[in-house]
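Data block below; observations after.
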Protein chains: 2
Amino acid sequence: MKELAKTVRKASKQLLKLNKETKDLIFDDLIKGLDSNRKLILEKNQLDLDEAFKNDLNKAMVDRLKLSDERIDDIIKGVKTIKDQPEIVGSFYDEFTNDLGLRVKKQRVPIGVILMIFESRPNVVVDCAALALKSSNAIILKGGKEAKHSNEILGQIIQDSISKYVDKNVVSVLASDSREQLNGLLSLKEEIDVVVPRGGHGLINHIFENAKMPVIAHYQGLCHMYIDSDADIEKAVNLVENAKTQRTGVCNAIETLLIHKDILPKVNDQIAKRLLAKGTELRVDEKFSQATKGDFVAAKDEDWSTEYLDNILSIKTVDSLDEAISHIDEFGSNHSECIVSNNQENCETFLRSVDASCVMVNASTRFNDGGQLGLGAELGISTTKLHAYGPMGVEQMTTSRYVVVGDGQIRS
Amino acid sequence: MKELAKTVRKASKQLLKLNKETKDLIFDDLIKGLDSNRKLILEKNQLDLDEAFKNDLNKAMVDRLKLSDERIDDIIKGVKTIKDQPEIVGSFYDEFTNDLGLRVKKQRVPIGVILMIFESRPNVVVDCAALALKSSNAIILKGGKEAKHSNEILGQIIQDSISKYVDKNVVSVLASDSREQLNGLLSLKEEIDVVVPRGGHGLINHIFENAKMPVIAHYQGLCHMYIDSDADIEKAVNLVENAKTQRTGVCNAIETLLIHKDILPKVNDQIAKRLLAKGTELRVDEKFSQATKGDFVAAKDEDWSTEYLDNILSIKTVDSLDEAISHIDEFGSNHSECIVSNNQENCETFLRSVDASCVMVNASTRFNDGGQLGLGAELGISTTKLHAYGPMGVEQMTTSRYVVVGDGQIRS
């Protein structure tokens, strides 16, 4: 692993010389490569799907793993979006001239070498490789073994499109899945500048315990929506439905709905009806159960700390805004949190008190997404407060240094 | 330690409600407290100095430890500077309204709880406490035991000025110096958001090995100045003198001078004369020694990797710009690096190839400093590339989250 990482580190320096024109050529070659190799990609993906079937992988994972012509179209569209973004690496900002005539400016520069760790979803390989190229970072992509064949072929296509212009090792895809390999990588703080893990509790904890370099975790989304005592009923019901069911199995969907006791009797039946029609399983507290028509599963303690990634919603009645905030403080994962309220003061208290990468007022949590928030494409959504908090796009894959240009100025 | 950190975490939430007016009152009380307790501060400082004398502490450390009326004036001036800075916590930027009418904005929010680890220099306690208050972060300040009494009294004065307004534990000064205490703190990733160590190799390495939370290291400054083949002789000599001798024992002073072989015979005698007049000890390579009048200490291999923090300079002759860049790549500490050159292309190659928090062209490395670069005051100079690279002021002590305000918008 050390040899590989050293090769990537050395290759990364070549990226500093790439201009936009050359990057565009690489992106064009990549798009062509993906388009002309559809058959091969789908064949390799089928090998992973066969394996998944043998290993009885759950439906959600198989769905994330599966590629199709349409999904390849989406991947290509993603590369085009990243290609068309403005070139920000190397750009200057916050310039000023000081009293001595020194020109001081900040400059966006690449981080260097990024280690990305993720599960299933072969599209992540292409998205992240394109983002790395755009931000002039080298990247080591370590996917799960369940996507081994898919990741391998995508890695080859990416390297083929790079190799004419720079050392192809600037994008290195590792398809195996051994813990020794992972731990080996996590110790290489001289060669790797940052590790970006996308995954659940076990993976993220393992990385934090073992990584010797900085970690920007893209941890789970245990997201809440809180319906305040004074909220618009129709909007509240629509928002709950959208935040839970527009797409399940994504990190910015809600897992727990908190309802103020005073508004409970006005929204409970509508919410239950609307969600049950969408096939949502409701796990509810006693107050909700007693107030609402129908039979419901009783929520257990562990429901408040579970990211279902599925069409399941836990519902809890709270006595006050403060209780809602405390619940989020205890169980939230710093991802996306929403208040539905017409009370300006309560909205401000919620905003001030809730710590999450994106806090929403009267809007679906599904909007916490790089595309929706104006970043174009994203590496993922960071739940780490340092460096990048929330969707992480090209800009968040750079750092800023100072450049000082003088004419012989000395300090007195 | 866990109890303390939990107390600080809890206290930190009170800072979210502080407005500028209240902060100003705290700063005023702090200034009064420092001013009216000068005698007591100096008495306590004397206890540390007595101890340092007994323990035969080196001169540079004693100098950093020693307080005086003048230094207390400087500390007070520092607090005033921080008080007068604009209030950026809670401020919004990059606002836009999307197609659906959603208002999207980024907001600067405090990081939360910062653990600061530093050696000697009691003034750091007040500077960092003031920066933490200004950025609405709670801070645990862990200084070296050599400054125990000084840090303790300064911590008391700070807490006295805070306690009228918020829980005084938002600034907690730890005066002991045990490794167990330190390691205990480094394991508390739920309570502490980031650790900022200021120090040398041993301390920084220990922190990286043991910290379970993100680290923003303020590591040593092994800074270089490179005199290119085409450089202005007079400016070059002035810059070398300033970067080495204007103040020794600081991180942004240079340790190694790299001279292009073609310009060597034109600058060597002047540089030697000027530095020897300032009492600088020169440790030079053979080429410099042979070309230059006088007797010099021969540089050893370890000189290239030594941060002297003293009035000593190593000098190496290089055959090319590339050799200079390779030398910096191998021995530099990502702090401050300078090229002295009239050749635009060489300056650009240097800027593109050298990785440091501040890269200078024809300017003294001593300008890599929060005050000089427009930040006002600084917590230190980060050599970590993530989150903050270079001087770390109030802005770098915040993070940014998204705030999305809607009117019931859902995602389709």
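Chain letters run A, B, ... following the sequence lines, proteins first, then strands; residues in each count from 1. Just so it is clear, the structure is predicted and the values come from calculations on it, not from any experiment.
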What I want to find out is whether A:R401 reaches B:D355 closely enough, with some N-O distance under 4.0 Å, to be called a salt bridge.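 No salt bridge links A:R401 with B:D355.
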Which of the residues [options] is involved in the greatest number of heavy-atom pairs with chain B at under 4.5 angstrom?
options	answer
A:S336, A:A363, A:S353	A:A363
A:P391, A:G408, A:S412	A:G408
A:Q107, A:E241, A:R352	A:R352
A:V405, A:V194, A:N242, A:N238	A:N242
A:T399, A:V359, A:T398	A:V359
A:V361, A:T365, A:V340	A:V361

For B:N210, is it the side chain, the backbone, both, or neither that has a heavy atom closer than 4.5 Å to a heavy atom of chain A?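 Neither the backbone nor the side chain of B:N210 comes within 4.5 Å of chain A.
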Proximal component of B:Q409, with respect to chain A [non-hydrogen, under 4.5 Å]: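 Both parts, heavy atoms under 4.5 Å.
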[X] versus chain B, the contacting section by heavy-atom distance below 4.5 Å:
X	value
A:V403	both
A:E209	both
A:A211	neither
A:N342	neither
A:N334	neither
A:N205	side chain
A:V354	backbone
A:I216	side chain

For a side-chain contact (heavy atoms from CB on, under 4.5 Å) check, start with the C-alpha distance between A:N368 and B:V404, then their side-chain angles and the critical distance, and finish with the verdict. CA-CA 9 Å; A:N368 188 9; B:V404 175; over 6 Å; no
Which heavy atom of A:F208 sits nearest a heavy atom of B:K189, and at what distance?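 Closest heavy-atom pair between A:F208 and B:K189: CB-NZ, 4.4 Å.
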Approximate separation, where rounding is to 0.5 Å, of [X] [atom1] and [Y] [atom2]:
X	Y	atom1	atom2	result
B:Y402	A:L375	OH	CG	4.0 Å
B:Q372	A:D99	CD	CG	9.0 Å
A:I325	B:K13	CD1	NZ	10.5 Å

For chain A, which candidate among [options] shows the most heavy-atom pairs at distances under 4.5 Å?
options	value
B:G390, B:S364, B:A388, B:S357	B:S357
B:D232, B:T384, B:L102, B:N98	B:L102
B:V104, B:I111, B:D94	B:I111
B:M360, B:Q246, B:M213	B:Q246

Heavy-atom count around [X] [atom1] within 6.0 Å, excluding the residue itself: above 12?
X	atom1	result
A:E234	CD	no
A:K105	NZ	yes
B:K17	NZ	no
B:K278	NZ	no
A:K106	NZ	yes

Does any non-hydrogen side-chain atom of B:L239 lie less than 4.5 Å from one of A:I410?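 With C-beta onward as the side chain, the pair touches.
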So do the side chains of A:L100 and B:F367 get within less than 4.5 Å of each other, counting heavy atoms only?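 In short, these two side chains touch, coming nearer than 4.5 Å.
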Side-chain (A:R366) to main-chain (B:R411) donor-acceptor, under 3.5 angstrom: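 It does not hold such a pair.
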